[in-house]
J.: 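Pasting a structure below so you can have a look.
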Amino acid sequence: MTRKPWRLCLESLLAAVLFSAAPAWAAAVALGFDDARHLLNRTGFAAGIDEVNAFAQLTREQAVGRLLSEAGKPAIMPPPDWVADRMVPPRELRAMSDEQRKAERDLLSRRGLELREWWLQEMLTTSSSLTEKMTLFWHNHFVSSQQKVRYPQLMYRQNALLRHHALGNFGDLLHAVAKDPAMVIYLDSASNRKAQPNENFAREVMELFTLGEGHYTERAVKEAARAFTGWSMDPARGEFLFRRFQHDDGVKTVLGRSGNFDGDAVLDILLAQPQTAEFIVAKLWREFVSPVPDPQEVKRVAGVFRDSRYELRPALRALLTSDAFYAPQNRAALIKSPVELVVGTLRQFGFTTGALTPLVFTTARLGQNIFSPPNVKGWLGGEAWINSTTLLARKQFIGRVFRADEMQPVPAAMAGAGGGLKGAGGLGSDARQRLLQGMADLHFDGDKWLFQFINTEADGVRRLLLASAPVNPLQPGMQGMALIRHLTQDPAYQLK
Amino acid sequence: MNRREFLTAVGAATVAAAVHPSPAFAAARGDYGNLLVLVELKGGNDGLNSVVPYADSAYYSLRPQLAIARDQVLQLDDKTGLHPALQALLPLWQNRELAVVRGIGYPDANLSHFRSIEIWDTASKSNEYLHDGWLARAFRHAPIPRPYAADGGVVGGAEMGPFAGSGTRAIALTDTEQFLRQAKLATPAGQAGNTALKHILGVEQDILRAAAKLNTDYVLHSEFPKSAFGNAVRTAAQVVASKAGIAALKVSLNGFDTHSNQQGTHARLLKDLAEGLAALRGALVELGRWDSTLIMTYAEFGRRPRQNRSGGTDHGSANAHFALGGRVRGGIYGLPPALDRLDGNGNLPFAVDFRDLYATALEKWWGVSSVHALGARFRPVDLLRA
């Protein structure tokens, strides 16, 4: 080979830039304020100034390593005290008197509300926002809704399951969630019997949970449904139950493989498809990086995901340390979800809170009623979060929390029956009281918060609050609450 | 066509329309001077006690306590009558401006509130999951004139329902004055650096455009009932009065999920509905818009013919609804409830697909094609005068 040395040098440099995901220089350099802010706001809720400053000193690897090692712990907040209570099976419910049935319905909606308050409280309190983000991610992936499941106990158990596996192994999670009682009810596995297979779960497990549309055949759905026959639940104990005599033990052919598969065997066949890793990674990309996945990068990260046999931490590490994650065109490219907007605002500004009832209603009104995604596809997210109603409601909420004196009365739309919280039924006087009190108890200490910016002033506040330059420029000399209001009402505040 | 093929076909059609704006689409300009008002009866109105088959003995044996007595019914003909609480609609009937359509439903009825209203809002089949509302799809293919304040408006609620979907300029408001006040939170758009911001700025533009055209200048003389529904129809009338330009409005009345002790609740709701609609008629006549307005009621489902043991009714399927307006051809449409042919759940077979009514609004009222919005051909119901 007779290459000139300089050319060799250039080529290897080019190769380093083109083929290495995280160039050596990036690994050794501290993130700095903007990159640290970007990482924390994408992997968690809006971060406070201290946290951003702390992460600014770390390299990409160190920062991501810290986030991943702190994540995946059980919830801090104790669950509502009824989560282990016995569930009233449908048969018993039908035999009840009107008063008893109504009391039971009211109990379900009250507990549904408490469950939402519990999760929002965890999001506000946790030291690992990434755990909450990933639990939400799986809630919107392995969708179940209280509307159909009905029992808040089962919704709580599913949340605990998603949380347990949130950053663990995707294969384990898939197997566990397929037998999760709430999922068994939600996707009608309970009525999937040998004589009359119900294809609901078999279809969605391929379309929404593993492969994605266009990567399986109708025949695969029918055959897989047979493999899942007999997967049911015990209505009295609310636990998974395999009904042997409802199970079709015959030979099935799924995606080119034949055998007398049971449900677990079919899940393993789905996990063996390279497409599954790409499908999940593309979804993680849309959650963390940008609305449009980069096919090359997705392939690379999916390779890492598969090599680790579906461990989530290596995949997230590859994604969150990639140059694409920090690329300028991917900054401020995602729209905050209602939960991110509400929880993020309260966390970032260090609000003190009372009952979280108003936050449950606000997130529902903004289009994200947690524990009740609209259908099996979950929340569409992205641009679908914002329409004229939700945008004004976002701005109104943000405006109101910074104007303590105007916090009451709660507008009729919020206090009215349900307030967009479908299935909660009418709001009892107790919940109404909690709603009003909760609004009154939201408190922001503006002086204390602004004091952190004594040296950096308006520009420091702007760099913390917004992912990009404000659409409406700051007026010279703007400060204090006027500055906070201006920035939080700016369209860029809706972005992360 | 199965669910997947349908979704693919809709997707392909959307892409095709976006890439090649064919002359057919360009020519699809509707008569949006005609206003459509949708009235959602949330929870599932009991159609059987609203439009009563008072000559059918099966009706009385299925509902020993709940049936409306023959001598209470407001008779429309020798077999059919209205619930007495609908008294306020009687003058419209006598004027031949009220159409009663019976037996509205769809194949494989879903009995969940949530899922069934989604089917109605998106005009999907029972086993299809569509994202966009039927009006959103209609407006995409036959756009509303740009100078209009908005494509559609939802009064007194935040759920966009039939308007849901990107590209629809739909606003939601409870009260015109309040909307105008809140709209000050929207700011004139600056530069969008990416598609996410561009979308947000586009929505801000929609709000500002609507706010710029809506006003409370005209003071209505008509009286409205003092109820939530009365306020909603007042706001709807106020939007029309501001001459801002809007193709469709949606108002709703809550509380029709009458599983227990239905009698009093249902009578109160129907009175609210009838008086509200009569007031809306009065206001539209005052504004000279009654002849260019079509009002249609809808709900996720009807209720089960046999009363339950709680003095109420459970989720049903086929239902009766109303259409009213200055150019509505008054009369009774559809088929009487086949109380002798109930299905395994004890529910009624349907006679008129709800998408037939949507096709009526799209083709006969606005003069636009309905196939884009409804995914297939449906037969309009001949309930409009030329």
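This structure is a prediction, so every number in the text was calculated from the model and none was measured. Sequence lines set the chain letters: A, B, ... in the order given, protein chains first and strands last, and positions in each chain run from 1.
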J.: Taking side chain as everything from C-beta outward and backbone as N, CA, C, O, which of these in P470(A) sits under 4.5 Å from a heavy atom of chain B? Side chain, backbone, both or neither.
T.: neither
J.: My understanding is that only one of R304(B), H259(B), Q262(B) makes a side chain to side chain donor-acceptor pair (under 3.5 Å) with T313(B); could you say which?
T.: Q262(B)
J.: Using non-hydrogen atoms only, which part of L197(B) is less than 4.5 Å away from chain A: side chain, backbone, both, or neither?
T.: both
J.: Can you say whether L495(A) sits under 4.5 Å from chain B via the side chain, the backbone, both, or neither, judging by heavy atoms?
T.: side chain
J.: Before accepting this row, confirm whether a basic side-chain N of the pair E300(B)/K42(B) lies closer than 4.0 Å to the acidic partner's carboxylate O.
T.: no
J.: Is R169(B) salt-bridged to D206(B), cutoff N-O under 4.0 Å?
T.: no
J.: Tell me, for R485(A) versus chain B, whether the close heavy atoms (under 4.5 Å) come from the side chain, the backbone, both or neither.
T.: neither
J.: Answer yes or no: is there a donor N or O on one side and an acceptor on the other, between the side chain of K395(A) and the main chain of L185(B), under 3.5 Å?
T.: yes
J.: Which bit of L380(A) is near chain B, if near means a heavy-atom gap under 4.5 Å: side chain, backbone, both or neither?
T.: side chain
J.: Among K102(A), Q494(A), Q489(A), which has the most heavy-atom pairs under 4.5 Å with chain B?
T.: Q489(A)
J.: Please classify the contact of T195(B) with chain A as side chain, backbone, both or neither, using a heavy-atom distance under 4.5 Å.
T.: both
J.: Does the plane of the ring in H113(B) sit parallel, tilted or perpendicular to the ring in H315(B)? Use 30° and 60° as the thresholds.
T.: perpendicular
J.: Relative to chain B, which segment of R394(A) carries a heavy atom at a distance below 4.5 Å: side chain, backbone, both, or neither?
T.: neither
J.: Among R303(B), E40(B), H266(B), find the residue that satisfies the side chain to side chain donor-acceptor pair (under 3.5 Å) test when tested with N45(B).
T.: H266(B)
J.: Side chain, backbone, both or neither: which part of R309(B) has a heavy atom under 4.5 Å from chain A?
T.: both
J.: So which residue, L366(A), V292(A), N375(A), D490(A), ends up with the most heavy-atom pairs under 4.5 Å with chain B?
T.: N375(A)
J.: Between D132(B) and R140(B), is there a salt bridge with N-O shorter than 4.0 Å?
T.: yes
